Each structure stands twice: as structure tokens, then as C-alpha cells.
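Just so it is clear, the structure is predicted and the values come from calculations on it, not from any experiment. Quick note: numbers below take in every heavy atom, side chains included, and nothing from hydrogens, waters or symmetry partners.
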Amino acid sequence: QVQLVESGGGLVQAGGSLRLSCAASGRTFSSYTMGWFRQAPGKEREFVAAINRSGTSTLYANSVKGRFTISRNNAKNTVNLQMNSLKPEDTAVYYCAASTLVVVSTTSRAYDYWGQGTQVTVSS
């Protein structure tokens with residue numbers, strides 16, 4: 001089992017940047033595929049980015065490709081999401097998630113553990 005705690009959210013102007021971090025408990029962090037999802041008010045949770053166990057393979061939603069970068073540090077049990085060129089439509093609660101599957105999935109059902117979320121608000 002793993003516990004996830006997100007940090008780094010906040011209010012930023014359009015065009016700005018934020019870096020989200022997710023700290024994981026436990027000694028088996030490197031055995032989890034990690035993902036970031038987001039949920040805006042009145043909308044369903046959607047996939048943002050994911051990274052495989054070793055950090056050698058990543059996947060992004062088309063809406064953030066080229067602007068967001070996911071990375072992980074297995075020695076520090078952390079996964080980060082660098083968000084650049086932020087847009088008002090990026091406003092949402094961002095969630096970190098861990099999956100026991102080997103494949104990198106865009107589906108929330110594939111993820112077994114979730115953090116509590118961190119709010120990101122982008123003003124126009």
C-alpha cells in the first residue's frame with residue numbers, strides 16, 4: 001500500500017508556471033506506475049500525464065502535451081508535474097495516483113491509490 005500527498009498548487013496568471021509534487025510513503029514506490037489526473041468543477045476527472053516505473057516512458061493528454069512534463073525520483077519517492085504556459089482551462093483539482101499495473105494507463109480505473117488533491121487556479 002502507498003499513501004500519496006500532493007503539494008505545489010496555487011493561483012497563477014495565464015502563461016505562468018507551477019510545479020506540483022507528490023510524495024509517496026512506503027519502500028516500494030518504484031514498483032508503481034504514477035499518474036496525474038485533474039477534475040474541474042462540474043466535469044469528470046480526466047487524465048493529464050503518467051510515467052512508468054523506471055521513469056523511461058511517459059504519456060500525456062493532448063491538451064497538455066508540450067506544456068507539462070512529468071518526472072519521478074524513485075530515490076526520493078516523489079513524482080512531479082511541471083506545468084508551463086498555463087491556461088485558464090487548466091484550472092482544476094490535480095490528483096496524484098499510483099497503479100500496480102506495468103502498463104502506463106490513461107484510465108482512472110487502472111489506478112489503485114489516490115492523493116487528496118491540490119487546487120490549481122489559472123486566472124486570465
Side-chain angles (χ1 to χ4, degrees):
Q1 193 168 357
V2 62
Q3 292 184 326
L4 306 172
V5 179
E6 303 97 334
S7 62
L11 173 65
V12 65
Q13 288 188 333
S17 298
L18 280 176
R19 183 177 177 87
L20 304 184
S21 292
C22 174
S25 65
R27 297 177 295 174
T28 59
F29 177 71
S30 60
S31 65
Y32 293 97
T33 296
M34 300 300 297
W36 286 95
F37 289 76
R38 67 186 182 186
Q39 188 168 16
K43 295 188 177 181
E44 293 186 353
R45 189 170 298 188
E46 66 174 1
F47 170 76
V48 176
I51 190 167
N52 70 342
R53 296 174 175 182
S54 61
T56 56
S57 179
T58 58
L59 199 61
Y60 296 93
N62 286 334
S63 59
V64 307
K65 199 172 296 184
R67 300 187 298 122
F68 291 10
T69 302
I70 187 171
S71 62
R72 68 187 297 164
N73 185 326
N74 287 341
K76 295 184 177 181
N77 285 10
T78 57
V79 59
N80 299 309
L81 186 68
Q82 178 66 43
M83 306 186 296
N84 299 328
S85 302
L86 283 161
K87 305 175 181 180
E89 50 264 43
D90 293 319
T91 295
V93 177
Y94 283 71
Y95 297 91
C96 173
S99 172
T100 56
L101 298 178
V102 174
V103 295
V104 179
S105 177
T106 63
T107 305
S108 60
R109 289 191 303 272
Y111 291 81
D112 308 283
Y113 304 102
W114 294 81
Q116 82 288 350
T118 185
Q119 176 70 47
V120 171
T121 303
V122 184
S123 63
S124 57

message: According to a hydrophobic-cluster definition based on side-chain heavy atoms being under 4.5 Å apart (Ile, Leu, Val, Met, Phe, Trp, Tyr only), do L81 and F37 belong together?
response: no
Aromatic ring pairing Y94/F68, orientation class (parallel under 30°, perpendicular over 60°, tilted between): tilted
message: Quick check: do Q82 and S17 have side-chain heavy atoms less than 4.5 Å from each other?
response: yes
- prompt: Would you say V104 and M34 are hydrophobically clustered, going by side-chain heavy atoms of ILVMFWY under 4.5 Å?
  reply: no
- prompt: Are Y113 and Q1 close enough that some pair of their side-chain heavy atoms sits under 4.5 Å apart?
  reply: yes
- prompt: Are Q13 and V122 close enough that some pair of their side-chain heavy atoms sits under 4.5 Å apart?
  reply: no
- line: For M83 and V120, the nearest pair of non-hydrogen atoms, with its separation, is CE-CG2, 3.9 Å
- request: Indicate the atoms forming the closest heavy-atom contact of S99 with A110, along with that distance.
  value: OG-O, 2.7 Å
field: Euclidean distance, R67 CZ relative to L86 CG, rounded to 0.5 Å
entry: 6.5 Å
- prompt: So, the side chain of N74 versus the backbone of S30: is there a donor-acceptor pair under 3.5 Å, distance only?
  reply: no
- request: Keeping the roles fixed (side chain from R53, backbone from S31), state whether a donor-acceptor pair exists under 3.5 Å.
  value: yes
message: When you measure from the centre of the six-membered ring of Y95, is the NZ or CZ of R38 closer than 6.0 Å and no more than 45° off the axis?
response: no
query: Tell me, which pairs form a disulfide bond (SG atoms under 2.5 Å apart) where one or both residues lie in residues 46-124, sequence neighbours left out?
result: C22-C96
task: Mind listing the closest non-hydrogen atom pair of Q119 and A92 along with its distance?
output: NE2-O, 3.5 Å
query: Just wondering, are more than 12 heavy atoms of other shown residues or ligands nearer than 6.0 Å to CD in Q3?
result: no
query: L4 and W114: side-chain contact (heavy atoms from CB on, under 4.5 Å), yes or no, with the steps?
result: CA-CA 6 Å; L4 306 172; W114 294 81; 5.6 Å; no
message: To the closest 0.5 Å, what do you measure between OG1 (T121) and CG (D90)?
response: 11.0 Å
query: So among V48, I51, T69, which one has a side-chain contact (heavy atoms from CB on, under 4.5 Å) with Y60?
result: T69
Contact check, side chains of F47 and W36, non-hydrogen atoms, under 4.5 Å: no
message: Can you confirm whether the side chains of T78 and N73 place a donor and an acceptor under 3.5 Å from each other?
response: no
- request: Ignoring hydrogens and angles, tell me if any N or O in the side chain of Y111 forms a donor-acceptor pair with the backbone of S105 under 3.5 Å.
  value: yes
field: Heavy-atom check, side chain of I70 versus side chain of V79, under 4.5 Å
entry: yes
query: Taking the side chain as C-beta and beyond, is there a heavy-atom pair between T106 and E46 under 4.5 Å?
result: no
message: Within the 4.5 Å heavy-atom criterion, are R19 and N80 side-chain neighbours or not?
response: yes
message: I'd like to know if the side chain of T107 and the backbone of R109 have a donor-acceptor N/O pair within less than 3.5 Å.
response: no
- prompt: Got a donor-acceptor contact below 3.5 angstrom from the T118 side chain to the E6 backbone?
  reply: no
field: Step-by-step side-chain contact (heavy atoms from CB on, under 4.5 Å) determination, N77 to S25
entry: CA-CA 7 Å; N77 285 10; S25 65; over 6 Å; no
query: Which atom pair, heavy atoms only, marks the closest approach of G117 to V93?
result: CA-CG1, 3.8 Å
message: Can you confirm if the NZ or CZ of R72 lies within 45° of the ring axis of F29 and under 6.0 Å from the centre of its six-membered ring?
response: yes
message: Would the distance check show the side chain of T33 and the main-chain N or O of N52 forming a donor-acceptor pair, the cut-off being under 3.5 Å?
response: no
